[in-house]
2 protein chains.
Amino acid sequence: MTNPRSKPSLTSAQDRFIATWGQMGSTWGISRTMAEVHALLFISGRALCTDDVMERLEISRGNASMSLRALVDWGVVHRAHKRGDRKEYFEAAGDVWTMLQAILRERMKREIHPALASLAEIRDETRTTGEGVDEHNQRLDDMIALLRLFDEMGSKLLALDAQVMKETAETLVGGMDFQSGSPAS
Amino acid sequence: MTNPRSKPSLTSAQDRFIATWGQMGSTWGISRTMAEVHALLFISGRALCTDDVMERLEISRGNASMSLRALVDWGVVHRAHKRGDRKEYFEAAGDVWTMLQAILRERMKREIHPALASLAEIRDETRTTGEGVDEHNQRLDDMIALLRLFDEMGSKLLALDAQVMKETAETLVGGMDFQSGSPAS
DNA sequence: ATCGACTTTCAGAAAAAAGTGAAAAATGGA
DNA sequence: TCCATTTTTCACTTTTTTCTGAAAGTCGAT
């Protein structure tokens, strides 16, 4: 067991899960390591301490500490304690829907809201100064409308509790089979 | 006009739109420049050639070429030609919904599908070898179910034409006001 | 107050990503 | 075919991001 890479055995599937999740996170603006730490906590299904994470993922203490803290800030992981143990433990939200909401909330806050604010400001300025061609303003308005729509959908999803959200999602998918004008490509 | 940064005039709002969009793109796994090029084409509302892009964004020819090609590959920008001119011109999809579909399609292909395939493979392997605790498998299954749901929603959205998609989205937002168990945070 | 167990911070190192520019390739007209 | 123009490629540079590790900080117990 000294070298876990030597055979594709017990830990292999878990390793691959972690790698896949890390990969996915990195195309989503989350650092690879942070996503890997989250994957590890999520798939472990129990609270781990910093040293566990360091050892399992072969990362430095500093990196583990930073990543764990960021995950806590995002709200997808929470701190836990074991009595008689001074170490801090960390545990992922057990339920994917809760996890999804935490991610959604954070991304809305960090991306949609600032972008919306910025775009609205630009539009106002453009209006006030009479600057810009009508066509440009139209495009700006479209963009703003789209982001606002995201914003509203996000807010509504965040207002649901996890169980209701799950059901809603399933209903939406089920009910969305209205025939369209053009077929999928 | 030699130095466009000298006063916050005519081009300023456009500049800021480009910057905002570039910012947003970069947290979405798209390179900042690529997003800026797209923003420029989108807000311009007309076909631009490589040199226009280079000049406006102050980037190298190589970078402009790469970014434009990537946007064409993504399907959010298409090539255009002017008669009597050998240069190639590029134009963004005029409609935000068409644009959104193109982005959705690409991200599904690049992120959801591979992740789903990888996770399903891991699950199968785990099942076959009898490896892993039940709880782990449960989490893996939850994750897969979630991604599958994304996949299905994505497919359905891609099957709609832009106009229908827009209406659908608006209806969804309007109709989603069923009262939830817990209030939004 | 001091100790020891544990955590956080952060300057610098390392790695990864993005950008440049000039050479090579492609294109289209004469 | 040949040439002028335009586009693409890619080895190399620059910038940005991430990671490390050791020092500094925290905190409860004694």
Side-chain angles (χ1 to χ4, degrees), chain A residues 18-19 21-41 47-74 77-91 106-107 110-111, chain B residues 18-19 21-41 47-74 77-91 106-107 110-111:
Chain A
I18 292 171
W21 200 237
Q23 188 74 46
M24 191 157 188
S26 69
T27 64
W28 263 75
I30 295 165
S31 94
R32 205 190 75 266
T33 300
M34 188 173 148
E36 285 183 355
V37 172
H38 179 250
L40 174 60
L41 292 174
L48 301 180
C49 70
T50 307
D51 293 81
D52 294 334
V53 172
M54 286 170 63
E55 215 172 277
R56 184 70 180 71
L57 262 33
E58 301 183 55
I59 60 177
S60 74
R61 184 171 300 285
N63 196 6
S65 174
M66 294 294 227
S67 299
L68 285 166
R69 165 209 269 275
L71 288 167
V72 170
D73 288 346
W74 273 63
V77 159
H78 57 266
R79 296 175 200 267
H81 295 278
K82 294 194 178 180
R83 68 175 70 219
D85 191 338
R86 270 167 68 178
K87 280 206 282 292
E88 271 196 292
Y89 287 77
F90 299 86
E91 187 165 35
E106 204 60 22
R107 292 187 68 97
R110 299 190 186 210
E111 293 154 35
Chain B
I18 292 171
W21 200 236
Q23 188 74 46
M24 189 153 189
S26 68
T27 64
W28 264 75
I30 295 163
S31 96
R32 204 189 77 266
T33 301
M34 188 174 149
E36 285 183 356
V37 172
H38 179 250
L40 174 60
L41 292 173
L48 301 180
C49 70
T50 307
D51 294 81
D52 294 334
V53 173
M54 286 169 63
E55 215 172 278
R56 185 71 179 70
L57 262 32
E58 301 182 57
I59 60 176
S60 72
R61 183 171 300 285
N63 196 5
S65 174
M66 294 294 226
S67 299
L68 285 167
R69 165 207 269 275
L71 288 167
V72 170
D73 288 347
W74 273 62
V77 159
H78 58 265
R79 296 174 199 270
H81 296 276
K82 294 194 178 179
R83 69 175 70 220
D85 191 339
R86 268 170 65 178
K87 280 206 283 290
E88 279 199 292
Y89 287 77
F90 298 86
E91 186 166 36
E106 203 58 23
R107 293 187 68 96
R110 299 190 187 210
E111 294 156 34

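Every chain is numbered from 1, with letters handed out A, B, ... down the list of sequences. Heavy atoms only: backbone and side chains are in, while hydrogens, waters and symmetry mates are out.
A heavy atom lying under 4.0 Å from DNA chain D marks the following residues of residues 64-74 of chain B, by number: B/Ser65, B/Met66, B/Arg69.
Nearest nucleotide to the A/Arg79 side chain, out of C/dT8, C/dG19, D/dT8: C/dT8.
Here D/dT6 presents its C1' atom at 8 Å from CZ of B/Arg61, a figure rounded to the nearest Å. Residue A/Phe90 contributes atom CZ, which lies 11 Å from atom C1' of C/dT8 at whole-angstrom precision. A/Glu58 places its CD atom 14 Å from the C1' atom of D/dT20, with the value rounded to the nearest Å. Across the protein-nucleic acid pair, B/Met34 atom CE and C/dG19 atom C1' stand 15 Å apart, rounded to whole Å. For the pair B/Arg86 CZ and C/dG28 P, the computed distance is 8 Å after rounding to whole Å. A/Leu57 has its CG atom 15 Å from the C1' atom of D/dT20, to the nearest Å. In this structure, A/Glu88 atom CD and D/dG28 atom P are separated by 11 Å, rounded to whole Å. Here C/dG4 presents its C1' atom at 14 Å from NZ of A/Lys87, a figure rounded to the nearest Å.
Side chains of A/Leu71 and A/Met34 form a contact here, defined as non-hydrogen atoms less than 4.5 Å apart. Proximity of B/Tyr89 to B/His81: side-chain heavy atoms (C-beta onward) are nowhere separated by under 4.5 Å. Residues A/His78 and A/Val72 form no side-chain contact, since every pair of their non-hydrogen atoms from C-beta on lies 4.5 Å or further apart.
Across every non-hydrogen atom of A/Lys87 and A/Cys49, the tightest pair is CE-SG, 3.6 Å.
A close approach under 4.0 Å does occur between a side-chain nitrogen or oxygen of B/Thr33 and OP1 or OP2 of C/dG19.
Taken from CG in A/Leu68 to CG in A/Leu41, the straight-line distance is 6.5 Å, to the nearest 0.5 Å.
For the pair B/Arg107 and B/Trp74, the cation-pi criterion (under 6.0 Å, within 45° of the ring axis) is not fulfilled.
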